[in-house]
Each structure stands twice: as structure tokens, then as C-alpha cells.
Number of protein chains: 2
Amino acid sequence: MENWELIIIGAGPAGLAAGIYGARSGLKTLILEGKMAGGTAADAPLIENYPGFQSINGMELAQKMAAHCRSTGVIIREFESVIGLDLKGEKKIVKTNRAIYEANAVIIASGSHYRELNVPGEKEFRGRGVSYCGICDGPLFKGKRVLVVGGGNSAVMTALYLAGLASEVKIAHRRSEFRAEEALVKDLVAKKNIEILWNTELKEIQGEKLVAKVILFNNQNGETREMAIDGVFIQVGEDPNSQLAREAGVEVDEEGYIKIDIFQRTNVSGVYAAGDVTNHPIKQVGAAVGQGITAALEAYGFIKRPYYKK
Amino acid sequence: MENWELIIIGAGPAGLAAGIYGARSGLKTLILEGKMAGGTAADAPLIENYPGFQSINGMELAQKMAAHCRSTGVIIREFESVIGLDLKGEKKIVKTNRAIYEANAVIIASGSHYRELNVPGEKEFRGRGVSYCGICDGPLFKGKRVLVVGGGNSAVMTALYLAGLASEVKIAHRRSEFRAEEALVKDLVAKKNIEILWNTELKEIQGEKLVAKVILFNNQNGETREMAIDGVFIQVGEDPNSQLAREAGVEVDEEGYIKIDIFQRTNVSGVYAAGDVTNHPIKQVGAAVGQGITAALEAYGFIKRPYYKK
């Protein structure tokens, strides 16, 4: 069993920021990440609101943060998934698909995953025309017709990104106004090849081998219609990756987000949480970074009990 | 009287991050700053822990953030000091040395100021050998002997910075271990021209026109001694710039820091606080940025009451 002072679960902005502060504070720090470092931030076509970078590709920012983190001495193990947690004792046990670790403190920064609509055809056509990530799959729809479903920042950003690739972009939103930043909405309205479908719900996705059409329902006039389409990008929010933590006794709110206080503490001693997996109200890269920093310094205080804290 | 939707007091990392999010959300946003944009972060010789920048001069990072903020449409008025606040009504009144403004919401991001030791000679020799900012005044002590007082990150960073300029650097700390990051302490110990004076308190600063010597007290063996010195850099922490907010009814803790909750709300409706002026436990650039973002999006929700928030 490998022994670490601090184990961070997840290598998104929160986990990487926590790693930088953990290692710089002198803690032997390991980050475990089931996919590649970067988190969902790496999926963003363009990030224009992380202070200091006026405009940067999400993947590029993720890579910069990961390189920064490694330069401080943190070990990041990618493609290593956590499959079990035992957090009750003084030593925290973290089980992955490859090994078992123990640590003096754990920071859960496991983020969130794309929410599904649960409409007929969604599962069947996933990867065959149904996608949850514009930057990952957008290039496959060059010159084709795509539909984005959703009304928040990520839906609007995805539509804007796809407008540079697809021939036509429709964005279907079940309400009559967006909840996205006004700067993004302005850009959206200005795009000639984007059409906004207000009060519109996606009811079904159909096709043969690949997506060919969708069934749309207008919740204002009650009309149902078919629309020929090549790709469907679903951007209707996220759910937290908190199941293992919950099973290990970490308290979550009614939507499954880990409850934290101003110190990023959970209800379990020595266990902190940061970023999109928490019930912090703001899901943004800069806010996740701030939480990761706080979690790491608080974990440091917990482990070393120096007079660091007043 | 000028009318704004959001007024942010202070243009450090918290204020600038809040500005970016305020303007991008479509709020007519003004930042008022008594000095230059950047806050105390701009005084740091080198910042190596803001995720995304492995190593950057504090002033350069501050300028990047200020430029980023201005690019979103925020107006930043520098060298305009807030001298009075009336926060009780629905419209918040902000009085400066130049004008009176009203706003729908206010974010207080006024930071902190260097704490003084209150020893004889400190006030008299300020600007004549006594300094609170290594990067501002260090170059004046090229080839000379300097003393740094303190034991936290800023004291250690200041000593490291001065070691590249001064001939000899002493660092006096009243305890027997630093509370700085281990990465910084390692660098400090490795420097040949830095001497660490443990358990040592500065009792008096003497000289004629300029600083010439200091009186030091060893709190372990009770000995007092004189030491010839050209410059004294005092780095013993900060106090919050919260006086005007306090006078306007904003609740502070026993040390004067503005009390906030997880939404960066103060006790006064429509008034938020972010960064070093708050009682948030972590005083770091990345943590201030996270708080600024949260404050701006919560203020946006307060002003617009959209269905932005779940």
C-alpha cells in the first residue's frame, strides 16, 4: 500500500490548483484522475473569463495548469480511476483500478458529468451523432447541420463554436430567454448561421446507423415537428461525481453535491472537497481554482498542525 | 450623481475578477481604486502559485488582469479614493474624492494594508530606510545591508528578492520556525547571503537622516544587541481596509475582516465582499479571484433576478 500525505481525486482546475499548493507547502501529493488532466474545462472551446487570460482554448489552459502542477513536484496519475473510498479512520484509504493508497488527508475534486436528457434515441446514437462536447466532436460535423439543446453558458458557447464548423446550427431552448452571459448571447444573435428555437424541447432522436432527424415539441403552441439533422449536442447541465464519496459517508445536498463550508471541509474529518463536485454556488474555472487552493492549505493545516493558521 | 448597476471598490485580483464577470454578465460595471490597479499582488516580486502561470512578476500579472478586465467593458478609475459609503437603502451611495455614485449592488474588494510593528523609529524613517514592499524599494538597497522582519510567505519572498540586490540580507523572526511555504523556505536556506535570526524581535530603528542601525532582542536568551543596517523591510502581515464598510453597517470579525458567507454576501442586502478584506481563511491571488467571481455572479443574480440560479 502506497503512502501519501495528500491525495487529490480529480485533475480539473480545482484538483490541479490544490496540487500546486499541496506540493509547494511540502506535502507529498498525489493526484488520481480517471481520464486526462484538465477536467470539463478542457472541453471548452474558448475560455475568456479566467482572469489573466483574455482568451484561451480550454485544452491549452488545462495543459498549462497540469504542467504548472507537475513542476511543483505533484505526481499526476491519469487514466487511473478511483473505485472505492474508506474515509472514516485517521488514515484515508483510496482504492483505484490499479492500486490501494493511504493518505493523511483527501481532497475530492472529482467534478461533474454531462447530464442526459433521457429521450428515446439518446443512448442508441451516442457517438453516432449524439454528443455532449462540442470541442471534442464538433469537427466531425464540418459542413453539416447540427442541433444544440440547452440555454446556459455551455449550450451557447457550444453553438458559437459549432457555427464555425457546421453549415447550419439550431439551438433549442425550452424557455424564452437564455441564462447565459449577455456577452455570449450577443455573439450568438449576431451569427448568421445560428437559428434560435425558443420554447422548444427535444423529444426524440431518430436515424439508421447515424442520427438523421429529431422530433421537436413547442411548449408554447403545443406543436410537434420533425427536423432533419446530422448531429445533436446536448448541453443541459451537469451532475456531480459524488457517488463514491457519498457511499463513504460524505454528506451531499439534495442534488448530490458535496456540502462544504468556507474552509472547503466536508462533514468527515480530514476530507475536503473543491470545484464542481461541491455545493458551492458557482461552477467556473476561477472559482474552482480558489476552492482548490483553500482546500489544500486547510488540508496542510490539518496534517501538519503548524502555527500557519492564526 | 452617476448611476451604475455594479460598483466594485478596489482593483486587486478580487475586484478585477469581479469586474470581468460583472461586465460579461451585462452589468454596467465601475471599479474605483485609490491607487493603481493590481492591489498588493502587484507588489510581489514573483508569483509562482497562480494556476496557469508557472512564474510571473506580480506587476505583470496585475497588468494582465487589469487589461483583461478593461477588455470586457469595465471602467476602472484609478487614483480615485472612496471616502464614504451609504449602503442601507435600495440604491447604494459611494462617495469618492471626486464624485458621488449610486449603484444597485456593491462589491467591497478593498484589500488590506501592511501592518506596522509600532517600534520607535519606524514612523520617522519610513521612506528613509524603512519599507513595507521589497519590490517597490529593494533596488534602492543595491550592494547594501538589509534586514527583513517577519516569518510568513511575504517575509521569506521579500528576503529572497532582496538577496539578488543587497550585499547581505538578515531575516529576523520572533519564532523558531517559519510559517511560509516549504518551497520558499528551501530556497531561503540555500541562499549564501541570507542569514536567519531566529527568536529575534526588532525593538528600535535608529539613524540620522537615514536608517543606520537596529536594536534586536533575542526572546530565547534575553539578550539585546545592536546591528548596523541600511534598510529595514517590515513584513509582519496585513490589516483589512474595512473601516468605511464598518462605519456603513457592514459586519466585521474581531480583527476587522468583513464577514462573508459561501455566496460572498455580507450582512447588508446588495453588498458583497471578496478577497483580502474578508474573513475568508486564505489570502492568495487565486482564492481572491474565486471570491471575486462568486461575488459578481451573486450580485448579478441579486440585480437581475433571472432564473440564472437554479
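Every chain is numbered from 1 and lettered A, B, ... according to where its sequence line falls, protein lines coming before strand lines.
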Item to complete: Check whether A:Ala67 gets within reach of chain B through its side chain, its backbone, both or neither, counting any heavy atom under 4.5 Å.
Response: both
Discussion item. So, using ring pair (Phe, Tyr, Trp, His ring centres under 6.0 Å) as the criterion, who are the partners of B:Tyr161 when residues are at least two apart?
Written reply: none
Discussion item. Heavy-atom cut-off 4.5 Å, strictly under: side chain, backbone, both or neither for A:Ile20 against chain B?
Written reply: side chain
Discussion item. Taking the side chain as everything from C-beta on, heavy atoms only, tell me whether B:Tyr21 gets closer than 4.5 Å to A:Gln284.
Written reply: yes
Worksheet item: Between B:Ser55, B:Gly26, B:Pro13, B:Gly52, which shows the greatest number of heavy-atom pairs under 4.5 Å with chain A?
Response: B:Gly52
Worksheet item: Does the side chain of A:Thr72 come within less than 4.5 Å of B:Gln54's, by heavy atoms?
Response: no
Fill in: B:Arg70 atom CZ: more than 12 heavy-atom contacts under 6.0 Å
yes
Worksheet item: Taking only residues two or more places apart in sequence or in another chain, which ones pass salt bridge (charged side-chain N to carboxylate O under 4.0 Å, His left out) with A:Lys259?
Response: A:Glu251
Worksheet item: With a 4.5 Å limit on heavy-atom distance, are the side chains of B:Ile260 and A:Ile262 in contact?
Response: yes
Worksheet, complete the sentence: Nearest heavy-atom contact between B:Pro51 and A:Val289 is CG-CG1, 3.7 Å
Worksheet item: Yes or no on side-chain contact (heavy atoms from CB on, under 4.5 Å) for A:Arg24 and B:Leu184, after CA distance, side-chain angles and deciding distance?
Response: CA-CA 8 Å; A:Arg24 284 182 62 85; B:Leu184 290 171; 4.1 Å; yes
Worksheet item: What residue in A:Gly237, A:Ala183, A:Ala62, A:Gly292 has the most heavy-atom pairs under 4.5 Å with chain B?
Response: A:Ala183
Discussion item. Is any side-chain heavy atom of B:Glu298 closer than 4.5 Å to one of A:Pro281?
Written reply: yes
Discussion item. Are A:Thr294 and B:His280 packed together at the side-chain level, in the sense that at least one heavy-atom pair is separated by less than 4.5 angstrom?
Written reply: yes
Discussion item. Heavy-atom pairs under 4.5 Å with chain B - which of A:Ile56, A:Asn49, A:Leu27 has more of them than the others?
Written reply: A:Asn49
Worksheet item: Relative to chain B, which of A:Met65, A:Lys186, A:His68, A:Gln291 shows the most heavy atom pairs under 4.5 Å?
Response: A:His68
Discussion item. Nearest 0.5 angstrom please: B:Glu181 CD to A:Tyr300 OH, how far?
Written reply: 9.0 Å
Practice prompt. Tell me, for A:Glu48 versus chain B, whether the close heavy atoms (under 4.5 Å) come from the side chain, the backbone, both or neither.
Written response: both
